[in-house]
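Some notes on the structure that comes next.
Each ligand, and each atom within it, is numbered from 1 in the order the structure gives.
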Amino acid sequence: MDHLQLPAQGRNPDEVLTDLSRFRAKDPDYKAGKLWSLVYHLDEEHDDFLADAYRQYSSANGLNPAAFQSLKQMESQVISVMAGLLNGGPDTCGVMTAGGTESCLMAVKCYRDMAAKTRRVSRPNMVLPATAHVAWFKAAEYFKVKIRLLPVGKDLATDISKLARKIDGNTVMVLGSAPEYPHGTIDPIAEMGRIAAEKGVPMHVDACVGAFILPFMEKNGHDLPEWDFRVPGVTSISGDIHKYGYAAKGASAILYRDLDTLKHQMFVYQDWPGGVFASPAMLGTRPGGAYAAAWATLQKFGEDGYCDLARRTIAAVDAIKEGIDGIDGLKILGAPQGPLLAYGASDKALSIFAVADQLAAKGWSVNRVQNPDGIHAMVTARHLEVVETYLSDLKAAVATVRANPDLARTGSAATYGMMAHVPMRGMVKAKVLDTFAAMYRAGGGALELEESGKPGLAERLMGRYVAWKARRG
Ligand SMILES: *Cc1c(COP(=O)(O)O)cnc(C)c1O
């Protein structure tokens, strides 16, 4: 196999930068508000501001907090601002991380190690709602903590009736989300916190989505249930600054009620030949640019700026909810209270994944959720300007799918439908792993759900499923 060669002679920097802008041609059009996840874009002016802030610190390294004191100071101030927003007490402390996943992983590592040290727990488990972000399932696998799942009820809200019974001597933490990612519902944090506290088990609130919008919704007069450090049983909270904080990518934080708990997150190795080493989170080198851009963004928007962003975002959410209520055959999934929502088909004959394909054909990039099937939207302030177009395209998409029900059996609708509904989940996992891993061959390209000429993932899954059924008779 011939691998790509470095250019024999280095290239003209301007040409290289031109290449970069050319590469973007087929990327999702987030600047036009066509993307409903992944990017929290406001406008060019804010992008330039982020880039300027980032550039000033793009070489700075937060690995050693004593070296770049500028970064440590910005980090401390970001944590302090967040502690205030989340109603933390005098001992609230925390660490900036490179993203929500790092924050979630650290909480699991922290509580696992704390339980091992203070309660000699050697076979740890944690109680997670089924709607917990996938980062928690990743953390469980990485850190070998068994999951005890809280199911959802008919309304898709977390059913906590068995929470107390699921907690035992090996439970290292309980999780609640504010809000959860699949449907935007806020878990019953106050009640969960009370049960966790009664059992003497720590409780983390995943506010990766909520931390930079729920507090401002409250200031705008929305009546939300208590979900932050005001709930006595809540011992830590994660919040992403690179989501509704509108910072550059690579900025999240995890906050703890007290330092004694946070200590279990930290790593110290005093005998390394490279020197005595201490590190607060997963990363070694920590990206100074991301932390500086996060600090700068908080200063730039301030309280009034974030209140306004929250107001515009919720106006967009409300308009979308109302629009969906008005389209026959669609319904909102669960009870979203914040900036994100999902909707599915209220009518069995309508394939929501085929509707998603129709939206994609109009240039919208939407995410699909499963179990129940739906279309997902992380709504930002920017989307307020495109809500009407989105809803009219959605209405047309539903009409097209109703007139052509076969669309459910073609294209990516077939693949997503198959992946969501085939009962052999292990097989889906294996197939996805194959397809996904192949993307990481050196020089490999992006994931093509339906490779031209070859049978697509759906056909291959269907083939395997039919064979499996035949074997079972
Ligand atoms: C996005 C998200 C995460 C993970 O954050 P990343 O920044 O994508 O790593 C965790 N929890 C929730 C609820 C999220 O929405």
- Got the residues with a heavy atom under 4.0 Å of ligand 1, by chain and number? Gly99, Gly100, Thr101, Cys104, His133, Tyr181, Asp206, Cys208, Val209, Asp240, His242, Lys243
- Are the ring centres of Tyr291 and Tyr57 closer than 6.0 Å? no
- Message: For a quick check under 3.5 Å, do Ser177 and Asp206 share a side-chain donor-acceptor pair by atom type?
- Response: no
- Message: Ring centroids only, cut at 6.0 angstrom: are Tyr416 and His421 within range, meaning strictly under it?
- Response: no
- Item | By ring pair (Phe, Tyr, Trp, His ring centres under 6.0 Å) - contacts of Tyr390 (at least two apart) | Trp36, Trp364
Would you list the atom pairs, donor with acceptor, under 3.5 Å between side chains in residues 209-218 and any protein atom, with sequence neighbours excluded?
{"unit_1": "Glu218", "atom_1": "OE1", "unit_2": "Arg230", "atom_2": "NH1", "d": "3.1"}
{"unit_1": "Glu218", "atom_1": "OE1", "unit_2": "Arg230", "atom_2": "NH2", "d": "3.4"}
{"unit_1": "Glu218", "atom_1": "OE2", "unit_2": "Arg230", "atom_2": "NH2", "d": "2.8"}

- Item | ring pair (Phe, Tyr, Trp, His ring centres under 6.0 Å) involving His133 - partner list, sequence neighbours excluded | Tyr181
